[in-house]
Amino acid sequence: MIVSARASSKRPLSPVRLPATILLTLAIACTIATNAALAQQIYLGDIKEKSPRIITKWQSIIPGPFAATAWIRSLDGLSPPIDDLVISYKRFYLGWVCSPRDCVENRVVFLIAQDGSEAYGMLRSKMLNADDLFFGAPSGEHRERLKGYLDK
């Protein structure tokens, strides 16, 4: 009787090796998933560098009294990674920037179409006496997104 090498190489893993193999596989999968998530983070500086039209659109909706405030006008302040989302079939950037001098009580949240066609914002600032002041006439859905993002 001839036994092929292929048939004889298929033997079950020992009770000790099976859990070790499963743990190693899970560790590799978690590492890949974490690296993929970190690689997809979007930062405001990258957006501003690649798409200057987005800042131009943003600046066009800022009410006069706040247009002279640099961290609002140019979105130059402290900012976490930006969210990428779709609203009514259009891709948007959603994020916030705060005053470098007082981040806790002085923030502006922005919702800007990735193609630069629309921009909306909301300012919450004790320093500037603005409490949830909206920019750019956002719709009800856009207002909810802005306020919800700042409240989280």
Side-chain angles (χ1 to χ4, degrees), residues 12-13 15-152:
L13 289 176
V16 174
R17 290 186 68 190
L18 181 60
T21 303
I22 291 172
L23 285 174
L24 179 62
T25 304
L26 286 173
I28 291 170
C30 288
T31 301
I32 291 169
T34 300
N35 288 341
L38 292 174
Q40 293 177 357
Q41 287 186 333
I42 303 167
Y43 292 93
L44 186 56
D46 297 333
I47 295 169
K48 290 167 49 174
E49 185 178 306
K50 293 176 186 174
S51 303
R53 70 183 180 281
I54 287 175
I55 295 301
T56 303
K57 184 61 178 178
W58 169 254
Q59 291 171 342
S60 74
I61 66 161
I62 301 171
F66 306 108
T69 306
W71 63 274
I72 296 173
R73 181 184 64 250
S74 299
L75 295 175
D76 286 333
L78 304 174
S79 176
I82 307 304
D83 285 352
D84 175 6
L85 65 133
V86 176
I87 301 173
S88 300
Y89 305 106
K90 187 177 276 193
R91 296 186 74 82
F92 284 86
Y93 294 120
L94 176 63
W96 59 260
V97 172
C98 65
S99 168
R101 287 182 272 152
D102 182 7
C103 192
V104 175
E105 297 183 343
N106 298 288
R107 294 182 183 185
V108 65
V109 62
F110 58 85
L111 182 63
I112 305 173
Q114 292 183 14
D115 64 4
S117 64
E118 299 175 55
Y120 310 103
M122 185 182 83
L123 176 63
R124 184 180 291 166
S125 173
K126 295 231 184 228
M127 180 172 52
L128 298 172
N129 297 317
D131 188 27
D132 295 358
L133 175 70
F134 289 98
F135 303 170
S139 69
E141 181 179 2
H142 293 130
R143 282 176 181 253
E144 286 178 32
R145 296 284 183 141
L146 291 165
K147 190 163 175 26
Y149 193 79
L150 204 54
D151 288 340
K152 70 176 182 172

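The structure displayed is predicted, hence computed values, not measured ones.
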Take Ser125 and Asn106 through the side-chain hydrogen bond (donor to acceptor under 3.5 Å, both in side chains) test and state the conclusion after the steps. CA-CA 4 Å; Ser125 173; Asn106 298 288; 2.5 Å; yes
I need the [X] [atom1] to [Y] [atom2] distance, nearest 0.5 Å.
X      : Y      : atom1 : atom2 : result
Tyr93  : Ile42  : OH    : CD1   : 5.5 Å
Arg124 : Leu146 : CZ    : CG    : 10.5 Å
His142 : Glu118 : NE2   : CD    : 5.5 Å

Shortest non-hydrogen separation from [X] to [Y] and the atoms involved:
X      : Y      : answer
Leu78  : Trp96  : O-CZ3, 3.8 Å
Pro138 : Arg143 : O-NE, 3.4 Å
Met127 : Ser99  : CE-OG, 3.5 Å
Gly116 : Arg53  : N-NE, 4.2 Å
Glu141 : Ser88  : OE1-OG, 4.1 Å
Gly77  : Pro100 : CA-CG, 4.2 Å

Hey, what's the ring geometry for Trp58 with Phe135, parallel, tilted or perpendicular (30° and 60° as the breaks)?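 Answer is tilted, since the angle falls between 30° and 60°.
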Candidates [options] - the one meeting side chain to side chain contact (heavy atoms under 4.5 Å, CB included) with [X]:
X      : options               : answer
Ile62  : Val108, Ile72, Leu123 : Ile72
Arg145 : Val109, Leu85, Leu150 : Leu85
Leu94  : Ile82, Leu111, Ile87  : Leu111
Ile54  : Leu44, Leu75, Ile112  : Ile112

Just jot down the ring pair (Phe, Tyr, Trp, His ring centres under 6.0 Å) partners of Phe66, sequence neighbours excluded, or say none.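 Expected list: none.
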Going by disulfide (SG to SG under 2.5 Å), name the pairs with one or both residues in residues 41-148, residues two or more places apart or in two chains.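 Residue pairs with at least one partner in residues 41-148: Cys98-Cys103.
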With disulfide (SG to SG under 2.5 Å) as the rule and sequence neighbours excluded, what pairs involving residues 118-152 come up?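 Residue pairs with at least one partner in residues 118-152: there are none.
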Will you find, in the side chains of Ser117 and Lys90, an N or O donor that is under 3.5 Å from an N or O acceptor?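 Note: Ser117 and Lys90 side chains meet the donor-acceptor criterion.
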Does the pair Asp76/Lys48 count as a salt bridge with the N-to-O cut at 4.0 Å?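 Salt bridge present between Asp76 and Lys48.
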Ion pair check, Asp151 and Lys147, cut-off under 4.0 Å: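 The answer is yes: the pair qualifies as a salt bridge.
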Are the side chains of Gln114 and Asp84 in contact, using a 4.5 Å heavy-atom criterion?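 Asp84 vs Gln114: side chains touch.
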Under a 4.5 Å cut-off applied to non-hydrogen side-chain atoms, are Phe92 and Val86 in contact?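 No, every pair of side-chain atoms sits at 4.5 Å or beyond.
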Count the heavy atoms of every other residue, nucleotide or ligand shown that sit under 6.0 Å from NZ of Lys126, and state whether that count exceeds 12.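 Result for NZ/Lys126: open.
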